[in-house]
Every structure is written in C-alpha cells, then in structure tokens.
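Here's the structure we're looking at; comments come further down.
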Amino acid sequence: MMTVRDAYDPLGTAGGSRTPPPRIRIAVPNVGEEEVAAVTEVLGSGILTNGPATKRFEDAMAQRHGAAHAVAFANGTVALAAMYLACGIGPGDEVIVPSLTFISTATSVLHIGATPVFADVSPDTLNLDPDDVARRMTPRTRAIVPVHYGGQAADLDELRAIADAHGAVVLEDAAEAHGARYRGRPVGSTTDAAMFSFTPTKNITTGEGGIVTTNRSDLDQAMRLLRNHGMDAPYHHAALGWNWRITEMQAAMGVCQVERLDHILERKRANAAALTARLAPIAGVQTPTEAPDRDHTYMLYTVQLPADRRDQVAADLAADGIEARIYFPPAHLQPVFADTPSDGLAVTEDVARRILSLPVHLSLSEQDLDDIAASIARSLA
Ligand SMILES: *Cc1c(COP(=O)(O)O)cnc(C)c1O
C-alpha cells in the first residue's frame, strides 16, 4: 500500500517525482470511521452516480447554509462555470473577481467565454475592496464575484448595493468558507448563488467536489441541466450540457463532512487563537484581521510579514519540517492572464509579497503550534 510518505505531491505538479512530506503539513483532511462506513455502503449499493447520496449531500448543504437549493458538482471549478452560465453570462460580459484568489475564480470566467475584470483587495482582510469594485463597474458588468478569503466573509452588503445599482448579480466564491457567517446569516444564503469547494485543503472535503447554493429555482434548474448533458427527460437533451456530476461515493462522504463541520470550525478557531497568541508578540508578524459582523472559519491562517523577509521565513519553516504556502500568487500576473488588462492592483501586488499561510488544521499538537511560532521567531530575530 502506498502512503503519503512515498508520494507527497499535493499540487499534482511533480510528474512522478517523490519528495518526503514535511513533518507538519499545511492541511490534513479530517476523515473518520463514519466516512469509511458511508462510502463502503455506497459501494455495495449498486448506485454509484445520480443517486440518493447526492440528494442527501445537497440537502445537508442547503440546510446548513439557509438556502432553498443546492446542486452538487464534480469539483468547485466546474461549479463556478455552471453558476455563471446559469445566470446567462457569456461572451461580451464582464465579471469582477479578485486577483488574490485561486486561479479558477477567474479561469472559469474564461471557460464560459466572458471577460474577467480584476479588482483590488483590502490590505487587512484580503477581501474585495468595494470602492475599487465600484470604480470598475461598466455597462457590461454582469456579476461581482467576492471570494471569502481564507474563510472570512467579504463585504457582501456593500457589494450587493453596487451590483443592484448596475443591474448585476453577486455570486459568491465561497470555496473556502463553509459555515461562515456574515451579519448573522450564513454565506450562501443572501446572494443569487454561492459556490463551495471540497478539495482536501478546504475545511471539509470529498477529495474533489463542489456545490452551488441558491434561493433561485430558475438557477437551480439551469444548473441541473448543465450538470447532466442538458437532459430534462431520459435521452432528451433540451440544452447544451456537460457531465459535471459528483459520484455517490464523494457525496456520501460529503454528508458525513457536513455533520463534522461545526466541530472542525470550533477546533480551527481554537488553533487560530493559539497561533495568534504565540505570533502577535513577534516583531514583524501581522496576524490575521477579524473584521466586525462576521466570523472567520480559518480555512487559511494567513500572516503578513516584511516583504524582504517573507521568503526566508518560508524557507526556514521548510527547513524545520513545517509546510507554509503563499495563498495565492496573484492571478493577473499568471501567464494565462497575459492578455487580460489588469492595472491598479497595487494592494494585491503589495500583500502578495508579504502573505504566508501557516498550518492551522485539527491534527496540530500544542508542540506543533509552539514549533511553528518558534521557527518564525528565530527566522525574524
Ligand atoms: C479551492 C478553490 C477553488 C477551486 O475549487 P476546486 O474544487 O479545486 O475546483 C475556487 N476558488 C477558490 C477561492 C478556492 O479556494
């Protein structure tokens, strides 16, 4: 049996080469006996796709986030594309996205033939800056897509007011924010639609998977068609669709993960508080900002460091066996967006030189938390 020790390639880029895993990984999935039993039951059931587990997973996510509908997908990236397409967005339309995000917030806009317009972020929360978004609205803007960076909700009310004034919609990239709340309400319940991802670095995971929550039954129906070959009756294809389905094994695991969510968020918040207590006294470390009126679910625990020391701190952590990552190198600086105009992203470019995300997962011991802080303190001394 192969183990992580033989095959550590979390980003899928090593092309078969093997590196030893770090002693303290950036993220460790929280999976237990319940998931094993649920997936085993599905395997014996004879129904491996389009089945009752998918429905249960959708119902659990809709209920948890206070939304009328949820549609499950093979992954978060196709779920984003489905969400945009269901809103009728396509060629000639502009979609406002942050650049400080995982690439697929913006590449999924390209996939559907629309034009991503990058907006800047606030230097403290790293979430979309509503003033900069307002400046970038044009008659062609169809949607604003806030990312809830690291699991803390963006300024949804301010963004909603801007969108409303321009006849645009707000579509949340809630990939990192399962269970997060904004002004007392769950993310995914107050906008036109919201996408959640279930890759293994997220707070809950199905290996791969995505879900879109929405209160609009027209979007729910459109997304179900897009997911399943545009099929509205057996072998009757009413529209152009894809095969973007999730498997029953993943969905069954997802049901268990949603049940675990509150426990996971509680433990991650405790670890984040423990890290902040250790890191705040270290000169040069800016610990994560918790904005008012919302909670932080700490999918990421991201500190900001002096730009001229950040890479050395990351190297020193790696030498100490601790995995830290830069979430994210700005999208607008990636070769795939070389042809996309992107000026005035000064905050994004500045914080991109200073951010570093540290392990905050449930498998950390008190000693691990001490070791992370001690490594950074040594590096900055
Ligand atoms: C993880 C993530 C995605 C992509 O989700 P996948 O399920 O990996 O396709 C999109 N946006 C953000 C902000 C993410 O963090």
Side-chain angles (χ1 to χ4, degrees), residues 9-13 26-27 29 57 61 70-84 95-112 116 118-119 121 125-128 143-154 156 159 170-180 187-188 191 193-213 223 226-227 242-247 250-251 253-254 257 268 296-302 325-332 334 336-337 348 351-352 355 357 360-361:
D9 178 20
L11 299 179
T13 51
I26 184 76
F57 185 32
M61 279 296 285
V71 185
F73 290 93
N75 58 69
T77 300
V78 297
L80 282 170
M83 181 167 78
Y84 302 153
V95 177
I96 296 189
V97 296
S99 171
L100 193 75
T101 182
F102 181 63
I103 198 75
S104 72
T105 312
T107 48
S108 55
V109 176
L110 293 183
H111 290 155
I112 60 145
F118 292 113
V121 292
T125 61
L126 309 179
N127 276 326
L128 268 184
I144 301 171
V145 181
V147 170
H148 304 312
Y149 179 90
Q152 176 167 241
L156 289 176
L159 295 170
V170 175
L171 302 173
E172 298 165 66
D173 182 336
E176 305 172 0
H178 318 72
V187 300
T191 58
M195 182 283 285
F196 298 83
S197 163
F198 298 87
T199 52
T201 53
K202 307 301 200 252
N203 279 342
I204 54 177
T205 182
T206 57
E208 300 283 357
I211 275 201
V212 178
T213 60
M223 286 189 289
L226 289 163
R227 175 177 71 178
W242 282 262
N243 177 351
W244 283 345
R245 298 184 304 257
I246 193 167
T247 69
Q250 292 162 299
M253 180 176 174
Q257 290 276 294
K268 291 200 85 166
H296 198 319
T297 57
Y298 288 106
M299 184 245 143
L300 301 177
Y301 182 94
T302 302
R325 285 198 202 155
I326 296 159
Y327 288 111
F328 300 86
H332 74 279
Q334 303 291 323
V336 65
F337 287 113
T348 297
V351 296
I355 50 176
S357 300
V360 67
H361 56 76

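We count ligands from 1, going down the list as the structure has it; atoms in each ligand are counted the same way. In this chain, residues are counted from 1 in sequence order. Values below: every heavy atom of this structure, side chains too, minus hydrogens, waters and symmetry copies.
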Contacts of F337 that satisfy side chain to side chain contact (heavy atoms under 4.5 Å, CB included) - sequence neighbours left out: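 Applying side chain to side chain contact (heavy atoms under 4.5 Å, CB included) to F337 gives I103, A106, T107, L110, P116, F118, A331, T340.
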
For Y301, what residues pass the ring pair (Phe, Tyr, Trp, His ring centres under 6.0 Å) criterion, not counting sequence neighbours?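 Ring pair (Phe, Tyr, Trp, His ring centres under 6.0 Å) list for Y301, sorted by chain: Y298.
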
Contact residues of ligand 1, where a non-hydrogen atom lies under 4.0 Å away: N75, G76, T77, T101, F102, S104, T105, V147, D173, A175, E176, M195, S197, T199, K202, G209

Aromatic ring proximity H111/Y84, centre distance under 6.0 Å: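 No, too far apart.
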
For the residue pair Y327 and T201, confirm or rule out a side-chain donor-acceptor distance under 3.5 Å.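 Their side chains do not contain a donor-acceptor pair, so the 3.5 Å distance test is not met.
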
I'd like to check the salt bridge (charged side-chain N to carboxylate O under 4.0 Å, His left out) partners of R325; sequence neighbours left out, ordered by chain and number.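 Checked R325 against salt bridge (charged side-chain N to carboxylate O under 4.0 Å, His left out); matches are E323.
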
Donor-acceptor pair, distance only, cut-off 3.5 Å: does the side chain of R227 make one with the backbone of F73? no

